[in-house]
Amino acid sequence: MTNQERIWQVVHQIPRGKVASYGQVAKLAELPGYARYVGYVMKNLPAGTKLPWHRVVNSQGRISFPRNSSSYQRQKTLLEKEGVVFIKGKFSMKEFGWLQDEI
DNA sequence: CAAGGGGCTGTCA
DNA sequence: TTGACAGCCCCTT
């Protein structure tokens, strides 16, 4: 079980309509401080992966891509399709944050 | 082995 | 609220 696989499993557990931050995913994967590594892993996901990578955002509740990039648009669209409401380029972690009230 | 950079974070001005 | 900065860990040069 590699660290990368642990991260995949955690991301896979994020329920539909919820989002988690990179740091949160890292912690749940028992890899505190690996936030940046999580981003690295997401970037190198195999093509056609079923991992809900779009449910992972930064701690500010914002997408870590330039607003005009296609990746940004793709992630935003996927999230909205799951019911996550975007407001002024970001969304409320209070409302959609995963395990926000259990941590 | 050293250096650079990547979908990050928390702190401080 | 925004921007600059210093830590973070890992992979590729």
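Below, read A as the first sequence line, B as the second, and so on, with proteins coming before strands; counting in each chain starts at 1. Since the model is a prediction, treat every value here as computed from it, not as a measurement.
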Starting from the 5' end of DNA chain C, give me the residue, A/Asn44 or A/Arg36, whose nearest nucleotide shows up first.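 Checking each residue's closest nucleotide, the 5'-ward one belongs to A/Arg36.
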
Can you tell me how far [atom2] of [N] sits from [atom1] of [X], to the nearest Å?
X       : N     : atom1 : atom2 : answer
A/Tyr22 : B/dC8 : OH    : P     : 6 Å
A/Tyr40 : B/dT9 : OH    : P     : 18 Å
A/Lys90 : B/dG7 : NZ    : C1'   : 18 Å
A/Gln73 : B/dG7 : CD    : C1'   : 15 Å

Name all stems that contain residues of DNA chain C, defined as runs of 3 or more consecutive Watson-Crick or G-U wobble pairs, both distances under 3.5 Å.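 Runs of three or more consecutive pairs: B:2-6 with C:9-13, B:8-13 with C:2-7.
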
Residue pair A/Met42 / A/Trp53: nearest heavy atoms and the distance that separates them: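 So the minimum-distance heavy-atom pair works out to SD-CB, 3.9 Å.
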
Any side-chain N or O of A/Ser59 below 4.0 angstrom from OP1/OP2 of B/dC8?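 Answer is no, no contact under 4.0 Å.
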
Any A/Ser21 side-chain nitrogen or oxygen under 4.0 Å from OP1 or OP2 of B/dC8: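 No, because none of the side-chain N or O atoms of A/Ser21 sits under 4.0 Å from OP1 or OP2 of B/dC8.
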
Considering only atom C1', compute the distance from B/dC1 to C/dT13 and round it to an integer number of Å.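 Here B/dC1 and C/dT13 have their C1' atoms 12 Å from each other.
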
Of the options [options], whose atoms approach the side-chain atoms of [X] most closely?
X       : options               : answer
A/Ala35 : B/dG7, B/dT9, C/dC10  : B/dT9
A/Ser64 : B/dG7, C/dC11, B/dG10 : B/dG7
A/Tyr34 : B/dT9, C/dG7, C/dC10  : C/dC10

May I ask you to say what A/Val38 touches in the nucleic acid, namely base, sugar-phosphate or nothing, with a heavy-atom cut-off under 4.0 Å?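 It contacts nothing in the nucleic acid.
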
Between CD1 of A/Ile7 and OH of A/Tyr22, what distance do you get to the nearest 0.5 Å?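 One finds 11.5 Å between CD1 of A/Ile7 and OH of A/Tyr22.
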
